[in-house]
Amino acid sequence: MLATTPDFKVDPKEALRLRLFEVLDGDKYDLSLERKYSNSITSIDLIPRFFRGYGAIKPVADLASNTVSISNNFSIQGKDYTCRVQPAVIQRIDRKTKEKIEFYALPSDAEELIEKVIFLIASTNGLERKSIGGITRYGTSFSLYEIKKYLQLMGKTKSYEQIRESLTIIRDSKTRISQTDQNNPKRRAEITHDVWSDAVLELEGNGRGRDRCYIGFSDFVVQEISNLSYRQILFSRLTCYGSTFSRYLDLYLSSMWTSATLDRKEPISLLRIMESFGKPQVSIVTKRRDMRAALLDLLEKNVIKTVPSPIKKRINDEEFDYLYYLEPTDHFVEEMIISNGKLKGLKSLSKKITEDQINELPDKVGRVYSDFVCPDSNVI
């Protein structure tokens, strides 16, 4: 729930709209992952801002920060973007000399998973306003124990120190998005897509007592939440995969395949998916291998009916793409109907808040169903 601070004046309508973020299906007090829902913000979850593979952490003494930064191109709805990520600087203790050594650290698979847990907690408990160092932000409070417990439920083992380090990397790394000017390809417009505030990461207590944490969202994320630019996702399925790419592909389909329909196949692009995942540099053979492995995982989890053979598509004289025509299961279609209905219900409530028709949220937001038709000749 939203906490209050006396020095931070908030529009009551805005505060109520932000509370819609915590309206989820399922039992929010059930800490198991049997059937757990969370929220996904597409504008930050589907961009290539995580380092894939080995080598995300490197000694500062050996390199300049710009040699560690990553830059990935990607496309959304026909528009071209570039995502640049600057590393955080962290310290580790040398086991032999006991000296502190600085490292450049890019957010990688470990940070992505912890970030998903933090968003789950924020979706479950709601946003909190807190003032630290004279700066008041919306964010979320949690304990290191909560993070550790959820990771264990996913089959991931992390020490408290590793979780603290990941939180520092999450906070201090910087993401910048630039968009290509369609009229002048040489010009690019800079857009800020940082997720976390660089001003707020509080670890309370000392030693092992540093368990309680608070981390603040950036203004961009708060605005996306206020605008309802998020979707309900089935967190328990999303995080059950052993493969990072399988998790990403499930999230991608849950965010983009919103009009999934029974007995109708829709194509996904191998190059587009790998681009948005942040792994465009690997060979086409590796991309196809990884895609097949991920599709087999999704088949096992009852997301798709079959693993299709890829269809080769020429891009130009030198490049080829591969399309995979996917057919959703009735289970996945039902989840999309639930998610679409949830969003429609939230938009209806948001409108009522704006028009002063309600000044508090109902105990339960019911599902609103409607017909969603797949557009023709689209690649999801």
Side-chain angles (χ1 to χ4, degrees), residues 31-33 38 49-63 65 68-70 85-122 124-125 128 130 132-133 137 139-175 194-218 235 238-244 247 278:
L31 296 182
S32 73
L33 294 184
S38 185
R49 56 191 181 87
F50 294 98
F51 183 90
R52 305 301 181 181
Y54 298 100
I57 298 178
K58 298 177 180 178
V60 168
D62 298 347
L63 301 160
S65 63
V68 183
S69 303
I70 55 175
V85 183
Q86 290 287 124
V89 176
I90 61 173
Q91 290 186 340
R92 289 178 172 177
I93 305 296
D94 186 281
R95 292 182 178 180
K96 293 182 179 179
T97 65
K98 304 303 179 183
E99 294 180 351
K100 290 182 179 180
I101 302 176
E102 290 190 331
F103 292 84
Y104 289 122
L106 288 165
S108 60
D109 297 343
E111 285 69 46
E112 182 182 30
L113 201 54
I114 288 176
E115 184 180 287
K116 290 289 185 294
V117 174
I118 296 174
F119 267 95
L120 170 67
I121 294 170
T124 302
N125 298 338
E128 178 182 353
K130 197 165 186 177
I132 298 177
R137 292 273 185 187
T140 186
S141 292
F142 53 91
S143 69
L144 298 183
Y145 174 77
E146 285 179 278
I147 302 291
K148 189 181 178 89
K149 180 177 176 61
Y150 277 122
L151 291 175
Q152 287 174 339
L153 290 172
M154 299 173 206
K156 306 293 181 182
T157 302
K158 295 285 182 183
S159 68
Y160 287 125
E161 202 56 47
Q162 287 174 317
I163 295 172
R164 289 191 195 99
E165 181 178 273
S166 285
L167 290 172
T168 301
I169 296 171
I170 285 170
R171 181 197 64 180
D172 291 347
S173 56
K174 302 299 175 188
T175 301
D194 276 326
V195 178
W196 309 101
S197 165
D198 59 1
V200 184
L201 172 56
E202 185 183 54
L203 298 173
E204 298 178 357
N206 297 307
R208 293 184 178 180
R210 286 192 300 158
D211 185 46
R212 294 301 306 173
C213 305
Y214 172 87
I215 189 166
F217 289 117
S218 69
F235 183 88
L238 176 71
T239 54
C240 70
Y241 302 103
S243 161
T244 302
R247 289 198 301 269

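In this text the structure is predicted, and so the values were computed from the model without any measurement.
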Participant: Among residues at least two apart in sequence or on other chains, which ones pass ring pair (Phe, Tyr, Trp, His ring centres under 6.0 Å) with F217?
Facilitator: F119, W196
Participant: Starting at CG of L120, measure out to OG1 of T239 and round the result to the nearest 0.5 Å.
Facilitator: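 Answer rounded to 0.5 Å: 8.5 Å.
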Participant: What residues, two or more places apart in sequence or in another chain, satisfy salt bridge (charged side-chain N to carboxylate O under 4.0 Å, His left out) together with K158?
Facilitator: none
Participant: How would you list, by chain and number, every residue that makes a side chain to side chain contact (heavy atoms under 4.5 Å, CB included) with T157, sequence neighbours excluded?
Facilitator: none
Participant: Under the side chain to side chain contact (heavy atoms under 4.5 Å, CB included) rule, collect the residues that match up with V68, sequence neighbours excluded.
Facilitator: L63, P87, Y104, L106
Participant: Please list, chain by chain and in numerical order, all residues satisfying salt bridge (charged side-chain N to carboxylate O under 4.0 Å, His left out) with R49, sequence neighbours excluded.
Facilitator: E115
Participant: Going by side-chain hydrogen bond (donor to acceptor under 3.5 Å, both in side chains), name the residues that satisfy it together with E102, two or more places apart in sequence or in a different chain.
Facilitator: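 Residues passing side-chain hydrogen bond (donor to acceptor under 3.5 Å, both in side chains) with E102: none at all.
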Participant: Using the side-chain hydrogen bond (donor to acceptor under 3.5 Å, both in side chains) criterion, which residues pair with S218? Sequence neighbours excluded.
Facilitator: none
Participant: If every non-hydrogen atom of F235 is compared with every non-hydrogen atom of K116, which pair is closest and at what distance?
Facilitator: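 Closest heavy-atom pair between F235 and K116: CE1-O, 3.7 Å.
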Participant: What pairs with D194 under side-chain hydrogen bond (donor to acceptor under 3.5 Å, both in side chains), at least two apart in sequence or on another chain?
Facilitator: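 side-chain hydrogen bond (donor to acceptor under 3.5 Å, both in side chains) list for D194, sorted by chain: R176.
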Participant: Does Y145 use its side chain to pair, donor to acceptor, with the backbone of D211 at less than 3.5 Å?
Facilitator: no
Participant: Enter the distance from Y150:OH to F142:CZ here, rounded to the nearest 0.5 Å.
Facilitator: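 Output value for this atom pair is 13.0 Å.
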Participant: Residues in side chain to side chain contact (heavy atoms under 4.5 Å, CB included) with T244, at least two apart?
Facilitator: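 Result, side chain to side chain contact (heavy atoms under 4.5 Å, CB included) vs T244: R52, D109, E112, R247, F277.
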Participant: Sequence neighbours excluded, which residues qualify as side-chain hydrogen bond (donor to acceptor under 3.5 Å, both in side chains) partners of S166?
Facilitator: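 Here the qualifying residues are E111.
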Participant: Is E146 salt-bridged to K149, going by a charged N under 4.0 Å from an acidic O?
Facilitator: no
Participant: List for me each residue that meets side chain to side chain contact (heavy atoms under 4.5 Å, CB included) alongside I90, sequence neighbours excluded, and say none if there are none.
Facilitator: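 I57, R92, F103, A105, E165, T168, I169.
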